[in-house]
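Worksheet: one structure, shown below.
Chain letters run A, B, ... following the sequence lines, proteins first and then strands; every chain starts at 1. Not measured: the values here are computed from a predicted model.
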There are 2 protein chains.
Amino acid sequence: MKIPQKFFARRHEIAADYLKELDKHLDDILSGRATEMFEVRDFAELIHVHPTHLSNTIKAATGHSPCYFFEERLMEIARTMLQNVNMPIAEIARILTYDPSNFTKFFKHFGGQTPKQYREAYFESLVANKEIVNT
Amino acid sequence: MKIPQKFFARRHEIAADYLKELDKHLDDILSGRATEMFEVRDFAELIHVHPTHLSNTIKAATGHSPCYFFEERLMEIARTMLQNVNMPIAEIARILTYDPSNFTKFFKHFGGQTPKQYREAYFESLVANKEIVNT
DNA sequence: TAAGTAAAAATGGTGACTGTTTAAGTTTTA
DNA sequence: TAAAACTTAAACAGTCACCATTTTTACTTA
């Protein structure tokens with residue numbers, strides 16, 4: 001059974017475009033060029049499709065909703081920032097366009113730990129490794 | 001066992017100040033001198049303490065949160081107003097800086113009845129008393 | 001050193017808003 | 001013309017903004 005190569009090509013094009021725009025936007029957020037987080041409708045507009053269609057198409061192409069990729073990248077960024085102990089958690093929240101309360105909820109929901117718990121666990125693991133090295 | 005009278009004097013001072021400012025503010029609301037309801041941070045500013053500290057201190061001094069006294073007084077005022085049948089419920093809500101929907105939610109949550117139910121029950125009880133007197 | 005204070009973070013609640021899903025339809029294209 | 005691409009509406013589920021409270025940590029002062 002031969003599967004035509006061009007079938008469903010468009011949906012993968014849309015998914016690729018979305019991921020590209022998503023990364024670009026997150027770069028803008030981190031560099032301060034953008035201070036407001038895009039919503040699905042903003043990405044849909046960039047790609048010239050209806051928001052509902054964007055959502056459905058990306059789910060069909062990748063098995064995940066647009067939001068999933070968004071959250072995945074945000075967690076990655078948040079973890080990296082938390083490894084810098086000098087950066088207050090409220091400031092990290094602000095950069096990621098969250099208020100402190102909702103940032104904690106978001107991080108705990110997807111990471112299983114509160115931001116502070118993650119930071120502490122990270123530094124404890126550093127110390128533990130250092131002790132092993134020094135011994 | 002002697003308990004020194006001055007111990008924890010400050011927390012009771014703060015609680016008293018809060019209750020005083022609360023009543024003053026509610027007077028302003030009722031007279032129309034104020035149309036926006038104060039929040040905890042507004043009272044904290046008046047008393048020159050941190051909002052968190054105000055909340056903690058009042059809980060320690062009285063066993064109740066600032067919100068509790070606020071709600072208690074609002075319910076009292078609302079009940080009094082509802083006893084005046086000429087005053088539309090939406091107008092009562094407006095004076096108390098609620099929109100009608102949220103006023104009903106608030107009143108039912110703390111009073112167990114909707115404002116309209118309370119008003120009707122109140123007038124039925126008046127009529128019942130009158131009948132007893134006339135008999 | 002107990003009491004007072006400040007501040008950061010976590011937690012809880014709520015109304016408004018946003019995202020996803022589903023279902024039904026229209027347009028495009030191979 | 002049938003599959004694929006797309007739109008729209010409506011239901012619902014989830015998130016965000018905002019506020020209050022609680023917990024924890026830390027600093028100051030009588």
Side-chain angles (χ1 to χ4, degrees), chain A residues 3-15 18 36-44 47-71 74 82 85 87-94 96-111 113-120, chain B residues 4 6-15 18 36-45 47-71 98-106 109:
Chain A
I3 295 170
Q5 299 219 334
K6 286 269 180 174
F7 270 21
F8 305 117
R10 175 65 177 137
R11 64 177 57 170
H12 289 105
E13 188 185 343
I14 287 178
Y18 168 71
E36 300 238 324
M37 206 58 99
F38 273 2
E39 293 165 1
V40 164
R41 82 157 74 97
D42 297 310
F43 290 111
I47 301 173
H48 308 297
V49 295
H50 194 278
T52 300
H53 188 50
L54 179 66
S55 204
N56 287 334
T57 302
I58 287 179
K59 182 65 178 281
T62 69
H64 295 292
S65 71
C67 220
Y68 170 85
F69 298 101
F70 206 104
E71 286 157 349
L74 274 183
L82 286 168
V85 78
M87 193 176 274
I89 290 172
E91 172 67 6
I92 295 175
R94 198 195 54 75
L96 298 180
T97 75
Y98 277 97
D99 70 280
S101 163
N102 287 330
F103 175 64
T104 296
K105 282 177 198 166
F106 163 76
F107 193 90
K108 184 167 183 182
H109 182 62
F110 289 100
Q113 295 170 300
T114 67
K116 198 185 175 197
Q117 284 169 345
Y118 172 82
R119 173 172 274 173
E120 278 163 359
Chain B
K6 287 270 182 174
F7 270 20
F8 305 115
R10 176 63 178 138
R11 64 176 58 172
H12 289 105
E13 189 185 341
I14 286 178
Y18 168 72
E36 299 238 324
M37 207 57 100
F38 274 3
E39 292 165 4
V40 165
R41 82 158 73 97
D42 296 312
F43 291 110
E45 206 170 317
I47 302 173
H48 305 110
V49 295
H50 195 278
T52 301
H53 188 52
L54 179 65
S55 202
N56 286 334
T57 302
I58 287 179
K59 183 65 179 281
T62 69
H64 295 292
S65 70
C67 220
Y68 171 85
F69 297 103
F70 206 104
E71 286 156 348
Y98 278 97
D99 67 279
S101 158
N102 286 331
F103 175 63
T104 296
K105 281 182 199 163
F106 163 77
H109 182 64

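When the side-chain nitrogen and oxygen atoms of A:Arg10 are compared with OP1 and OP2 of D:dC6, one or more of them lie within a distance under 4.0 Å. One finds a side-chain N or O of B:His53 lying less than 4.0 angstrom from the OP1 or OP2 phosphate oxygen of C:dT5. OP1 and OP2 of C:dG19 both lie 4.0 Å or more from every side-chain N or O belonging to A:Ser55. For B:Arg41, a side-chain nitrogen or oxygen approaches OP1 or OP2 of D:dC19 to under 4.0 Å.
Rounding to whole angstrom units, NE2 of residue B:His50 and P of C:dA8 are separated by 7 Å. If you take CD of A:Glu39 and P of C:dT18, they are 5 Å apart, rounded to a whole angstrom. C:dT18 atom C1' lies 21 Å from atom OH of A:Tyr68, rounded to whole Å. Between A:Phe70 atom CZ and C:dG19 atom P the separation is 9 Å, expressed in whole Å. Note: CG (B:Leu54) to P (D:dT23) measures 17 Å, nearest angstrom. When rounded to the nearest whole Å, the span between CG of A:Asp42 and P of C:dC17 equals 16 Å. As a whole-Å value, the separation of A:Phe43 CZ from C:dT20 C1' is 16 Å. C:dT11 atom C1' lies 17 Å from atom CD of A:Gln113, rounded to whole Å.
For CD of B:Glu45, the number of neighbouring non-hydrogen atoms (other residues, nucleotides, ligands) closer than 6.0 Å is 12 at most.
Residue contacts for A:Ser101: at a heavy-atom cut-off of 4.0 Å it reaches a base atom on one of the strands shown. Within 4.0 Å (heavy atoms only), A:Tyr98 reaches sugar-phosphate atoms of the nucleic acid but no base atom. Residue contacts shown for A:Pro51 are absent, as no nucleic acid heavy atom lies under 4.0 Å away. Within 4.0 Å (heavy atoms only), A:Ile14 reaches sugar-phosphate atoms of the nucleic acid but no base atom.
The aromatic rings of B:Tyr98 and B:Phe106 sit parallel to each other, their planes meeting at less than 30°, with 60° as the upper class boundary. Using a 30° and 60° split on the angle between ring planes, B:Tyr68 and B:His64 fall in the parallel class, below 30°.
Nearest to the side-chain atoms of B:Cys67 among the listed nucleotides D:dT21, C:dA9, C:dA10 stands D:dT21. Side chain of A:Thr52, nearest nucleotide from D:dC18, C:dT22, D:dT22: C:dT22. Checking C:dA10, D:dT23, C:dA6 against every side-chain atom of B:Asn56, the shortest atom distance belongs to D:dT23.
For B:Asn102 and B:Arg11, each mapped to the nucleotide of DNA chain C holding its nearest heavy atom, the one lying further toward the 5' end belongs to B:Arg11. Two residues, B:Asp99 and A:Ala90, neighbour DNA chain C, and the one matched to the more 5' nucleotide by heavy-atom proximity is A:Ala90.
Of the inter-residue distances, the one linking B:Ile47 atom CD1 with B:Glu13 atom CD reads 9.5 Å to the nearest 0.5 angstrom. Separating the CZ atom in B:Phe69 from the OG1 atom in B:Thr62 is a distance of 3.5 Å, to the nearest 0.5 Å. Taken to the nearest 0.5 Å, the CG atom of A:Asn102 stands 12.5 Å off from the CG atom of A:Leu96.
Side-chain to base pairing of A:Lys105 with C:dG13: one donor and one acceptor N or O lie within less than 3.5 Å of each other.
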